[in-house]
J.: 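One structure coming up, written as structure tokens, with questions to follow.
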Amino acid sequence: MTGINQLLADEEEDEKIDEFLKKACVTLDIEPENICDGIVDVYASELYFVLDRLVFTPDELCGIFVNDCGTPINPLKVMWNFTIPGGKPPVKPWPIVKEPKRTQRVLHFSDIHIDRGYTEGSEVDCKDSLCCRNYPSEDASPIKRPAGKWGSLGNCDLPFGTFEAAMRHISQTHKDIDYILITGDLEAHDEWEYSQEKTKADFANITQVLNNYFPTTPVYQSTGNHDTVPADASTVDLICRMAAHNMEEYDTRGPAWLYNIFADNWGQWISPEAVKTVHYRGSFADYPPLTPGLKLISINTIYCSHHNFYIYINQTDPDETLSWLVSELLQSEVKGEKVHLFSHIPPGDKACLMGWSHNFYEIVNRFENTIAGQFFAHTHNDHFEVFYEDSNPNGRPTHFNFITPSMTTLSSKNPAYRIYTIDGGYEGASYTVLDAETYSTDINEANTNGHEPEWFLEYSAKDAYNLPDLSPASWSNLIDRLAVDDDLFQKFYNYFSRTSHNLDCVNDPVCRQGNICPLRVAKSYDENLFCP
């Protein structure tokens with residue numbers, strides 16, 4: 001980073017800096033040459049623009065985006081003031097619905113990461129950032145583990161055919177779906193190949209598949225960090241292009257083109273007013289049909305992403321997204337509505353900047369009577385986070401969120417989707433989740449036996465964890481039980497990862513605590529408070 005800053009200070013031409021970065025990427029063995037070239041071509045312009053305006057040191061900046069480089073403490077933990085309105089109504093007990101007048105079924109899937117370059121028979125165990133593809137450098141190399149037709153458990157994303165087969169299966173098997181939630185990351189982890197044209201084509205293709213298999217079912221989506229150009233890349237730790245309106249050169253560097261794609265694809269399912277909000281900030285609020293008293297709010301959490309380089313210029317409530325969220329929640333509080341929040345990056349994940357995360361936590365606690373459900377993704381794992389009054393893990397649990405597992409096989413995970421049974425569809429409904437059923441498949445078995453993936457009910461949250469209900473108190477109590485019940489923890493750990501592994505996490509105190517602690521941490525970078 002110091003070298004880049006020096007080149008910028010010397011006012012060197014961008015081409016010379018590009019060449020420096022490409023050589024450094026190869027020399028440091030960060031990626032193969034073809035990927036290094038692509039990464040620099042995609043990201044360089046944003047990097048130079050932000051570096052020229054940042055107040056952080058090169059040492060701090062390097063530590064944000066490159067492992068074991070620098071000290072990224074300050075930038076990640078910047079706090080900013082946000083006024084949360086007073087007048088919180090008296091807290092109402094979490095509604096425990098034993099005999100609902102009616103229930104609704106909501107399908108939730110996320111992190112599809114369809115790889116258009118997936119190639120059956122290519123190498124699963126490659127040295128590149130994304131495998132199961134034909135790379136020029138590997139043409140002459142013998143294949144040690146060939147990629148299967150339906151996907152591969154490794155560092156590989158999902159073939160299109162597997163996604164379409166999943167949609168076909170769901171549409172034929174679950175005919176009672178009232179609406180669908182998709183919480184982002186439709187594209188593969190091939191960030192060096194991202195372009196506006198590719199993103200537009202990929203979104204249109206997925207929309208067509210959804211229309212083919214769910215022609216009358218409303219679909220509600222939120223943006224993921226891999227739906228942008230450039231991307232918030234988890235594999236190469238770079239940036240996503242999600243600038244706020246108050247940033248200079250917004251017209252040329254901002255995400256308006258992406259918001260237009262969202263609006264074009266989501267507009268058939270949401271109201272004209274919601275489309276306007278999508279055009280402005282990539283978020284929206286809307287009312288699904290046949291759900292009196294329920295509002296859905298899709299939140300653009302790329303504005304909290306620690307890899308959203310533009311945000312480091314000014315982290316304070318980008319595009320006033322949290323202010324807008326509070327306004328929507330206030331309106332619903334006054335009307336007596338219930339609200340479901342859905343988004344991509346969970347607030348407790350370290351991918352979410354501390355200032356945004358902590359303010360979001362306080363918003364949830366302020367509107368705990370109004371918010372009836374929260375639905376996130378991003379981690380590719382199957383878990384949850386619990387919120388507590390006054391951020392006291394020994395105090396009253398106020399809320400929780402679902403973090404749904406991924407469709408992609410990346411990191412050796414079998415694909416999954418989830419269906420919630422919700423108390424809803426009638427006046428006065430609580431719109432709380434009564435149960436969550438997670439479905440999965442065995443990709444290796446499908447490849448071996450030469451048939452489409454066969455999906456099965458992996459577990460029901462209520463039954464598997466012996467929960468009396470799905471209230472915040474029950475989820476908090478589950479965390480306590482996971483710490484002392486070996487069989488229960490093993491079950492949770494299997495669901496969490498959805499893969500075969502030899503790691504004995506049950507009897508490894510560090511591993512076990514490392515998986516239990518985050519369940520209490522819905523505030524990023526605050527694990528010392530919640531897990532002393």
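Each residue takes its place number in the sequence, starting with 1.
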J.: For a side-chain contact (heavy atoms from CB on, under 4.5 Å) with D157, tell me which candidate from D190, T409, L130 qualifies.
T.: L130

J.: For D319 and Y303, does a side-chain donor sit closer than 3.5 Å to a side-chain acceptor?
T.: yes

J.: Look only at the side chain of R281 and the backbone of P318, and say whether a donor-acceptor pair between them is shorter than 3.5 Å.
T.: no

J.: Return yes when the gap between the SG atoms of C505 and C511 is under 2.5 Å; return no otherwise.
T.: yes

J.: Could you tell me whether E193 and R133 have a side-chain N and a carboxylate O separated by less than 4.0 Å?
T.: yes

J.: Check D423, D176, D435 against R105 for a salt bridge (Lys or Arg N to Asp or Glu O under 4.0 Å) and give me the one that passes.
T.: D176

J.: For the ring pair (Phe, Tyr, Trp, His ring centres under 6.0 Å) test, which of H380, H189, H344 pairs with H226?
T.: H189

J.: Evaluate the criterion side chain to side chain donor-acceptor pair (under 3.5 Å) for residue pair D486 and Q490; output intermediate values, then yes/no.
T.: CA-CA 6 Å; D486 291 352; Q490 185 63 59; over 6 Å; no

J.: Atom CZ of F375 and atom OG of S298: how far apart are they, to the nearest 0.5 Å?
T.: 13.0 Å

J.: Would you find a donor on one side and an acceptor on the other, under 3.5 Å apart, between the side chain of D185 and the backbone of H113?
T.: no

J.: So do L158 and I112 actually touch side chain to side chain, heavy atoms under 4.5 Å?
T.: yes

J.: Can you tell if the side chain of F109 reaches within under 4.5 Å of the side chain of T404, non-hydrogen atoms only?
T.: no

J.: Using side chain to side chain contact (heavy atoms under 4.5 Å, CB included), reason through V386 and R520 one step at a time and then give a plain yes or no.
T.: CA-CA 5 Å; V386 177; R520 294 192 189 278; 5.9 Å; no

J.: Below 4.5 Å, heavy atoms only, C-beta onward: do P415 and P453 meet side chain to side chain?
T.: no

J.: Can you tell me how far NZ of K295 sits from CG of L341, rounded to the nearest 0.5 angstrom?
T.: 10.5 Å

J.: With heavy-atom distances below 4.5 Å as the criterion, would you say the side chains of R418 and P405 are in contact?
T.: yes

J.: Does one side chain, of S152 or Y118, offer a donor that lies under 3.5 Å from an acceptor on the other?
T.: yes

J.: Is E123 reaching over with its side chain to a backbone N or O of R145, donor-acceptor style, under 3.5 angstrom?
T.: yes

J.: I'd like to know whether the aromatic ring centres of Y495 and Y459 sit less than 6.0 Å apart in this structure.
T.: yes

J.: How long is the straight-line distance from OG1 of T379 back to NZ of K350, given to the nearest 0.5 Å?
T.: 14.5 Å

J.: Given the rule in the side chain to side chain donor-acceptor pair (under 3.5 Å) test, do T183 and H108 qualify, once you have shown the distances and angles that lead to the verdict?
T.: CA-CA 8 Å; T183 44; H108 182 191; 2.9 Å; yes

J.: State, to 0.1 Å, how close G161 and W150 come at their nearest heavy-atom pair, and which atoms those are.
T.: O-CZ3, 3.7 Å

J.: Would you confirm whether T199, through its side chain, and Q196, through its main-chain N or O, come within 3.5 Å as a donor-acceptor pair?
T.: no

J.: Check this for me: K198, atom NZ, are more than 12 non-hydrogen atoms of other residues, nucleotides or ligands nearer than 6.0 Å?
T.: yes

J.: If only atom types and distance count, is the side chain of S122 paired as donor or acceptor with the main-chain N or O of C132 below 3.5 Å?
T.: yes

J.: Working to the nearest 0.5 angstrom, can you tell me the gap between D504 CG and R512 CZ?
T.: 10.0 Å

J.: Contact between N300 and Y259 at the side-chain level, heavy atoms closer than 4.5 Å - yes or no?
T.: yes

J.: If you look at every heavy atom in W269 and Q221, which pair is closest and at what distance?
T.: CZ3-NE2, 3.7 Å

J.: Look at the side chain of D227 and the backbone N and O of G224, then say whether any donor-acceptor pair between them is shorter than 3.5 Å.
T.: yes

J.: Pair H340, Y220 - check side chain to side chain contact (heavy atoms under 4.5 Å, CB included), show working.
T.: CA-CA 12 Å; H340 284 176; Y220 302 96; over 6 Å; no

J.: Which one of F400, F496, F402, W475 satisfies the ring pair (Phe, Tyr, Trp, His ring centres under 6.0 Å) criterion with F384?
T.: W475

J.: Please answer whether the main-chain N or O of P347 pairs with a side-chain N or O of S357 as donor and acceptor at a distance below 3.5 Å.
T.: yes

J.: In terms of SG positions, are C531 and C517 separated by less than 2.5 Å?
T.: yes

J.: Kindly compute the distance separating CD1 (I419) from CD1 (I180), expressed to the nearest 0.5 Å.
T.: 9.5 Å

J.: Quick one: are F214 and I170 in side-chain contact, heavy atoms under 4.5 Å?
T.: yes

J.: Can you name the nearest heavy-atom pair linking G148 to E120, along with the distance?
T.: C-CG, 4.0 Å

J.: Do side-chain atoms of S305 reach the backbone of T301 as a donor and acceptor pair under 3.5 angstrom?
T.: no

J.: Nearest 0.5 Å, what's the CD1-OG1 distance between I302 and T223?
T.: 5.0 Å

J.: Does the side chain of L290 come within less than 4.5 Å of D178's, by heavy atoms?
T.: no

J.: Shortest non-hydrogen contact from Y431 to G425?
T.: OH-N, 3.2 Å

J.: If you compare all heavy atoms of N211 against all heavy atoms of Q268, which two are closest, and at what distance to 0.1 Å?
T.: OD1-OE1, 2.9 Å

J.: Ion pair present between R498 and D382, side-chain N to carboxylate O less than 4.0 angstrom?
T.: no

J.: Output yes when K413 and D111 qualify as a salt bridge under the 4.0 Å nitrogen-oxygen rule, no when they do not.
T.: no

J.: Would the distance check show the side chain of N414 and the main-chain N or O of S440 forming a donor-acceptor pair, the cut-off being under 3.5 Å?
T.: no

J.: Could you check, using the six-membered ring where one of them is a Trp, whether F262 and F284 have ring centers closer than 6.0 angstrom?
T.: no

J.: Checking S222 side chain against I299 main chain: does a donor-acceptor pair fall under 3.5 Å?
T.: no

J.: Is there a side chain to side chain donor-acceptor pair (under 3.5 Å) between Y417 and H169? Walk through the geometry before answering.
T.: CA-CA 11 Å; Y417 64 87; H169 160 80; 3.1 Å; yes

J.: Show, in sequence, the C-alpha distance, side-chain angles and deciding distance for T207 and N265, and conclude whether the side chain to side chain donor-acceptor pair (under 3.5 Å) test is met.
T.: CA-CA 6 Å; T207 298; N265 286 273; 2.7 Å; yes

J.: Verify side chain to side chain contact (heavy atoms under 4.5 Å, CB included) between D286 and L296, making sure each step is shown before the conclusion.
T.: CA-CA 5 Å; D286 207 4; L296 299 181; 5.5 Å; no

J.: Is any side-chain heavy atom of I516 closer than 4.5 Å to one of F489?
T.: yes

J.: Step by step, would you call E445 with H451 a side chain to side chain contact (heavy atoms under 4.5 Å, CB included)?
T.: CA-CA 9 Å; E445 188 276 335; H451 57 70; 2.9 Å; yes

J.: Kindly give the heavy-atom pair with the smallest separation between A263 and V275, and that separation in Å.
T.: CB-CG1, 3.9 Å

